[in-house]
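Each remark here refers to the structure printed beneath this line.
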Amino acid sequence: MVDIISKVERQVKETIKKYKICNKKEKVLVALSGGKDSTLTAYLLKKFGYNISGFHINLGLGKYSDNCENAIKVFCSENKIPLKIYDIKKEMGSRMCYIRAGVQAREKVKNCLICGVIKKSIMNKEARMLKVDKIATGHNLDDEVQTFLANVFKASLNLSSNTGPITKNISDKKLIPRIKPLFFVLEDDIREYVKLKKLKIIPQPCPCGIDSYRIQIRKFLNTISEKEKRNIIANFENIQNKIKRQKDNIQYCELCGEPSRNKLCKKCNLLKN
Ligand code: AMP
Ligand code: ZN
């Protein structure tokens, strides 16, 4: 039987080393959702001796958000990880469902896209204020294959051009590099590790994550082997240098001052009336 604990830890150590995603002198802010992936990311970085703190955005999604926040507080206190909570209702004046409803009344945009854009913008700004060097997220191998395939099917490969265990961002003092220590770890192995170590997580997915296209791709991924998933990512890495890169010139959003590829950042573009 494969020893999942050793397998996962070896893969994460190799990813950190091979892609030089962080070192022990840097401050890393782990974006914690309460789910298995980001919890394991924080657990392993802490176990390996990195200087981490946690950051959670409470999206105001009723009981689900309360449960996530509580689980994260318990996990961070048990593992002696400093934690900052950002309450979207207090900071932005509305819960995520109302923010989303406002956007969707004007244009047809998927739930997860709106939430993802807003979360990313908050994370970058907060990480900068906290003066950390990197933001770590819990994206795993299955997430990455899924995103890559979705971009292939939409013929939008350029959207994958900056992806990797460390985001290939153009350096800009206002843009905090993002790292994905679980980039090469299989979702099933994460589930198993978290179960074996009894880590405090919320097993339910977000109640608003109803993107049917992603669900379909996920169903397909469940039918292919680990080897095939790894091949897809390896093939993607082979062609990545040949993909037309997204625009490199970073400017600052006219409304909020955050780094952006256009006059308005993605968040302000969604929220504008
Ligand atoms: P998702 O966008 O839900 O697929 O989540 C991708 C990654 O973003 C997770 O692995 C976390 O690292 C981070 N993340 C998601 N939701 C939150 C949240 N509410 N607060 C902080 N980080 C989050
Ligand atoms: Zn903006």
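All ligand and atom numbering here is 1-based and tracks the order in the structure. No hydrogens, no waters, no symmetry mates; every other heavy atom, side chains included, goes into these values.
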Is ligand 1 under 4.0 Å from a heavy atom in the side chain of Asp143, in the backbone, in both, or in neither?
neither
Under 4.0 Å from a heavy atom of Met123: which atoms of ligand 1 are those, numbered in the order shown and with their elements?
13 (C), 14 (N), 22 (N), 23 (C)
Atom indices of ligand 1, in the order listed, that fall short of 4.0 Å to a heavy atom of Phe55
21 (C)
With a 4.0 Å cut-off on N to O distance, would you call Glu144 and Lys229 a salt bridge?
no
Under 4.0 Å from a heavy atom of Ser38: which atoms of ligand 1 are those, numbered in the order shown and with their elements?
10 (O), 11 (C), 12 (O)
Please confirm whether the ring centroid of Tyr43 lies under 6.0 Å from the ring centroid of Phe48.
no
For Ala136 and Val28 the tightest heavy-atom approach is CB-CG1, 3.8 Å
Does ligand 1 have any atom that is closer than 4.0 Å to a heavy atom of Leu32?
yes
Side-chain heavy atoms of Asn249 within contact of Arg261, under 4.5 Å:
no
Does ligand 1 have a heavy atom under 4.0 Å from the side chain of Ile57, from its backbone, from both, or from neither?
both
Gly138 neighbourhood, listing ligand 1 atoms whose heavy-atom distance to it stays under 4.0 Å
9 (C), 10 (O), 12 (O)
For residues Ile52 and Ala42, report the shortest heavy-atom separation together with the two atoms involved.
CD1-O, 3.4 Å
